[in-house]
There are 2 protein chains.
Amino acid sequence: MKRPTIADIAQRAGVSKGAVSYALNGQPGVSEATRQRIVAIAREIGFNPNSAARALSGATAKAVGLTLCRPARILSIEPFFMGLISGFEAELAARSYALTLQVVATPEHEIEVYRRWWGERRVDGVFVSDLRENDVRIAVLQELQLPAVVIGGPGNTGTIAQIWSDDAGAVTEAVRYLVALGHRRIARVGGLPDLLHTQTRTRAFNEVCASLGIDNAVTVPSDYTGEEGGRATRRLLIGADRPTAIIFDNDVMAVAGLAVAQEMGLNVPADLSIVAWDDSPLCSLVHPPLTALSRDISEYGAHAARQLLAAVAGERVTNAEAGTAHLTPRGSTAPPRQP
Amino acid sequence: MKRPTIADIAQRAGVSKGAVSYALNGQPGVSEATRQRIVAIAREIGFNPNSAARALSGATAKAVGLTLCRPARILSIEPFFMGLISGFEAELAARSYALTLQVVATPEHEIEVYRRWWGERRVDGVFVSDLRENDVRIAVLQELQLPAVVIGGPGNTGTIAQIWSDDAGAVTEAVRYLVALGHRRIARVGGLPDLLHTQTRTRAFNEVCASLGIDNAVTVPSDYTGEEGGRATRRLLIGADRPTAIIFDNDVMAVAGLAVAQEMGLNVPADLSIVAWDDSPLCSLVHPPLTALSRDISEYGAHAARQLLAAVAGERVTNAEAGTAHLTPRGSTAPPRQP
DNA sequence: AGAACTTACTGAACCGGATAAGTGACGTGA
DNA sequence: TCACGTCACTTATCCGGTTCAGTAAGTTCT
């Protein structure tokens with residue numbers, strides 16, 4: 001089956017290719033009557049502009065890219081990225097932008113992919129996640145002048161806009177809540193320590209604990225996987241000064257932590273309170289359902305997509321905070337059992 | 001920064017554009033010495049062929065598409081698709097193919113996306129998942145002659161190749177195992193009932209139960225979400241003839257079922273054995289860890305990608321079974337408590 | 001030695017849109 | 001009435017690759 005082109009439409013309408021192009025793109029240069037006739041024909045024969053031809057003649061590729069830099073076994077279970085992608089799509093689909101995905105192994109590999117996408121003119125812009133300190137990707141994106149939006153921050157990203165959620169505010173709320181419940185020994189199982197938002201959370205966690213007189217507030221670094229999260233939890237629970245509450249940096253680790261506590265015969269929440277970060281359906285799935293720091297990840301993604309499309313359109317995009325995760329108390333938090 | 005083109009290379013090497021194209025594509029028509037000189041220059045200046053130009057001159061778009069037809073709240077937590085995508089990527093990245101993703105709401109919307117992708121020449125082929133009976137998408141793909149691979153089956157897909165895993169064999173193994181443990185009252189919480197592989201599983205489940213003398217083998221239809229899976233489990237557990245074992249069609253529902261059992265004061269596995277389908281990290285995360293029907297979803301995806309790339313290359317691709325999920329016993333299954 | 005063939009290229013057309021420049025018809029004002 | 005401007009187009013060029021049809025050398029065969 002042959003794809004219809006503007007030449008086909010031009011022939012049918014008895015006009016030139018140029019006229020068809022003007023008509024379909026809402027450009028001046030054709031009369032309203034002709035435009036409507038052309039649009040009607042285009043619809044009738046099911047015309048879709050060849051994206052390659054369009055991209056080649058200097059217009060945009062109508063596609064944006066996302067690289068995922070996590071091992072497959074984490075990606076499959078980590079709900080965050082799929083939520084983000086759903087959010088992207090809501091905005092992208094509405095403007096007929098495609099999303100191009102690539103799973104990469106390392107930030108260096110990621111840079112290669114950016115260079116290739118740029119050289120191939122495959123994407124008009126990219127989403128960048130997992131911002132690090134002095135992130136090497138930023139310089140490359142600026143050198144290529146590839147429009148981008150950084151998801152996570154705030155950090156130093158030069159002219160590239162960022163969008164982040166208020167991690168410090170969220171962790172502060174969680175700690176205050178636990179302290180209000182009567183907890184004095186609070187620990188945290190953190191995400192990958194070299195990610196900027198992990199550092200933000202750690203700093204805020206330490207500050208709020210200090211300000212509330214919680215001295216031995218400890219953060220155990222982890223990597224977002226269930227295995228590591230479970231191990232970290234076990235290490236915390238066999239220590240001398242066992243915490244009565246643990247905040248986890250994602251929900252997968254929180255679920256793993258819950259399983260470890262149960263396996264050790266601890267009652268959640270009586271013996272141990274658990275707070276999860278990011279409130280995917282996972283949190284309400286387990287027993288007891290997990291108290292979580294909820295944020296609308298889909299909306300977070302949609303916001304980022306709007307930013308990126310604006311950047312692609314050449315608008316100046318400013319950094320934005322996408323709101324604070326708020327605490328959703330469920331069955332996994334309670335006052336600590338009196339010793 | 002200007003993107004280097006073959007014209008730049010041609011000028012540097014003192015040859016014509018055509019020679020450069022032949023050299024870089026491994027076509028005959030240039031001497032080995034010239035080829036190496038050209039390749040060296042291309043590497044030096046960081047040349048990447050403009051994908052739009054390449055696609056426009058009749059070659060392939062070097063991209064394949066995947067549509068995801070599930071609500072965002074399911075996608076975010078369902079590990080299956082991310083596992084599949086990781087598997088795709090392993091093959092696609094090796095051959096510099098891009099993966100274009102689109103989240104859709106309905107099969108009709110999905111068809112629209114296929115038509116648009118085809119018209120735009122955006123993709124060379126597509127992955128099709130969630131095969132239904134008399135699936136409307138198949139006819140459209142055949143009409144468009146858009147190369148495709150169906151993931152799931154077997155079913156009637158005409159000239160379009162399928163790849164599936166042996167669902168019947170897997171459910172048979174699970175039921176035999178439970179019966180060997182001493183279970184006589186076995187239920188199943190199924191996936192979306194109009195999906196072909198759900199029907200395959202249901203048929204096989206009924207058959208093996210009948211052959212083993214399990215009369216009241218019941219399948220409760222569900223939709224792969226934790227909420228529905230939990231509700232279905234609750235309905236089964238409050239019935240008069242409570243099952244002693246339940247097989248779930250995915251791991252998310254199994255985890256939700258476990259939570260429901262625990263919330264009802266039942267001990268897993270003593271009072272209720274649980275078998276999950278698809279063994280994502282989720283299964284070993286909860287307590288007790290779930291016995292699961294494991295299959296290598298990444299490899300499944302990689303296999304599908306190889307098939308699709310072959311189909312894109314014009315090879316005749318035959319249907320293939322990608323292996324049977326095998327039972328991985330963990331802590332959620334045991335002989336039933338004697339009444 | 002000359003025809004026939006191979007090798008290693010060159011030049012130009014082509015893909016399907018976007019767009020700048022050109023053109024003829026018509027209306028308008030002095 | 002004629003210069004001028006505007007409208008509604010047409011024509012031609014461009015984007016950056018691929019590929020087909022030459023073509024000028026060198027090689028082989030008789």
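Protein chains get the first letters and strands the later ones, always in sequence-line order, with residue 1 at the start of each.
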Whole-Å distance separating the NZ atom of B/Lys17 from the C1' atom of C/dT10: 12 Å
Residue A/Gln27 excluded, over 12 heavy atoms near CD under 6.0 Å: yes
Under 4.0 Å between any heavy atoms, over every strand shown, what does A/Ser21 touch: base, sugar-phosphate, or nothing? Just pick one. base
With a non-hydrogen cut-off below 4.0 angstrom, is B/Gly119 in contact with a base, only sugar-phosphate, or nothing? nothing
Any A/Ser31 side-chain N or O less than 4.0 Å from OP1/OP2 of D/dC9: yes
Regarding C/dG17, can its base be found pairing with the side chain of A/Ser57 as donor and acceptor, where the two atoms are less than 3.5 Å apart? yes
Can you find a heavy atom in the side chain of A/Arg12 that is under 4.5 Å from one in the side chain of A/Ile45? yes
Within this structure, what is the CZ-to-C1' distance between A/Arg35 and D/dC9, rounded to whole angstrom? 12 Å
Please determine if a side-chain N or O atom of B/Arg54 lies less than 4.0 Å away from the OP1 or OP2 oxygen of D/dT18. yes
Any base atoms under 4.0 Å from B/Val15, or only sugar-phosphate, or nothing? Heavy atoms, all strands. sugar-phosphate
Please state whether the phosphate of D/dC9, meaning OP1 or OP2, lies under 4.0 angstrom from any side-chain nitrogen or oxygen of A/Thr34. yes
Partner of B/Phe88 under ring pair (Phe, Tyr, Trp, His ring centres under 6.0 Å), picked from B/Tyr97, B/Phe127, B/Phe81, is B/Phe127
Once you apply a heavy-atom cut-off of 4.0 Å, does A/Ser16 come out as touching a base, just sugar-phosphate, or nothing? base
Answer yes or no: does a side-chain N or O of B/Asn25 lie under 4.0 Å from OP1 or OP2 of D/dT18? yes
Taking A/Val20 as the fixed residue, which of A/Asp8, A/Val39, A/Ile38, A/Ile41 is the one that meets the side chain to side chain contact (heavy atoms under 4.5 Å, CB included) rule? A/Ile38
With nearest nucleotides of DNA chain C determined for B/Leu56 and B/Tyr22 from heavy-atom distances, which residue corresponds to the more 5′ nucleotide? B/Tyr22
